[in-house]
Amino acid sequence: MPAIWDLPDFDSHEAVHLFEDRATGLKAVIAVHSTHLGPAAGGTRFWHYADSQSAITDALRLSRGMSYKNAMAGLSAGGGKAVILANPSRSKPVELLDAFARAVDSLGGKYVTAQDVGMSEADMVHLSKTTDHVAGLPDQGGDPGPYTARGVYLGVKAAAKHVCGTDDMKGVHVAIQGVGSVGGGLAHYLAQQGAKLTLADVDAARAASLAAELGGVSVAADSIMGVEADIFSPCALGAILTEDTVAGLKVKAVAGGANNQLAKGIEGRILADRGILYAPDYVINAGGIINVLRHIDTADDAEINRRIDAIPGRLSEIWKESDASGVTPAEVADKMAQKLIGR
Ligand code: NAD
């Protein structure tokens, strides 16, 4: 097994902390990718991994992603991520959370945690009894979904301007995959502006009832990526853009809120070769983290809105640079983020 430094995803992490608490059985990784712009901020994931190597790799990938996302959102925050290795039964006693909170606290604010998969709002409140280094508590802004949805909406508008020549959304056809917190919010914004909507969700009834409410249509979840539209907006799962699915797209742009949309990375080039504009996911979906990290540099509501309003400008900058250089938008975004974090 390679040393952590030699893992392909290590990418010069400033620190990777491995915690074990024998009394509670806690095993956790806290990966600190960069503190160049501020404390390394990113959620804690509670997940059962096949082995500890997979947990470390997950933490490293997610942590680097947070560095890029926070930097591109203009936040005074670096990037980090924690994973707690759940047992197969996924039991989460408070003693285990307490031990994790002590681990976070032992880093003295170098890492600030927030909610991620497997952790509830109540868990975060519980952690905050032991450590101050918790972001996104209910009294600090709460649910990030609506903020993410607004940023994605502004990004979809920017994409429409780039590929349709206008950001008047009347009649612009957007196909949305997943109509939960982010996709549902996006659909409401778009409907208000007269966009034409095609919606899909694995919960077919959810998509159908939202389509009926907003005057759109719904299709089966497995056919949304073949819908002929102006923009495809992935707002469900990650890794949905593969060589195969990109080949089947009938749209001018992909702009949506899902994390890690490119399955392997190479799909960014395939999209570009097909002339399909791509909005890098961590740039367009930063609205939620912008709100979650509001206390890091004491941003008020007006400042939060200003930062979310900056998302379309950031995307336009990326597309302009991509058009000029021939480098894909995903690569341009990565390079911009790396420069911002001093790499
Ligand atoms: P959510 O759980 O509220 O909604 C996701 C929806 O997608 C659900 O309705 C679900 O049934 C549906 N879905 C799942 N698999 C599907 C599939 N194969 N095809 C169609 N629909 C499917 O989640 P959310 O908070 O809206 O997040 C959506 C995506 O955005 C996720 O990738 C998430 O990581 C990402 N994201 C969310 C936020 C946020 O603030 N909530 C921030 C950044 C990124």
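One-based numbering, in listed order, for ligands and for the atoms of each. Basis for what follows: all heavy atoms, side chains included, without hydrogens, waters or symmetry-related copies.
- Taking the salt bridge (charged side-chain N to carboxylate O under 4.0 Å, His left out) definition, one finds that Glu303 meets it with Arg306, Arg307, sequence neighbours left out.
- Each salt bridge (charged side-chain N to carboxylate O under 4.0 Å, His left out) pair with one or both residues in residues 62-87, not counting sequence neighbours, appears once here: Asp9-Arg64, Lys81-Asp116.
- Each salt bridge (charged side-chain N to carboxylate O under 4.0 Å, His left out) pair with one or both residues in residues 334-343, not counting sequence neighbours, would appear here, but there are none.
- With Trp319 as the aromatic partner, Arg314 does not meet the cation-pi criteria of under 6.0 angstrom to the ring centre and within 45 degrees of the ring axis.
- Using a heavy-atom distance under 4.0 Å as the criterion, the protein contacts of ligand 1 are Lys69, Pro144, Gly145, Thr148, Gln177, Gly178, Gly180, Ser181, Val182, Asp201, Val202, Arg206, Ala221, Cys235, Ala236, Leu237, Gly257, Ala258, Asn259, Asn285.
- Note on Arg102 versus Asp98: no salt bridge recorded, every NZ/NE/NH1/NH2 to OD/OE distance being 4.0 Å or above.
- A donor atom on one side chain and an acceptor atom on the other are found under 3.5 Å apart for Ser89 and Asn87.
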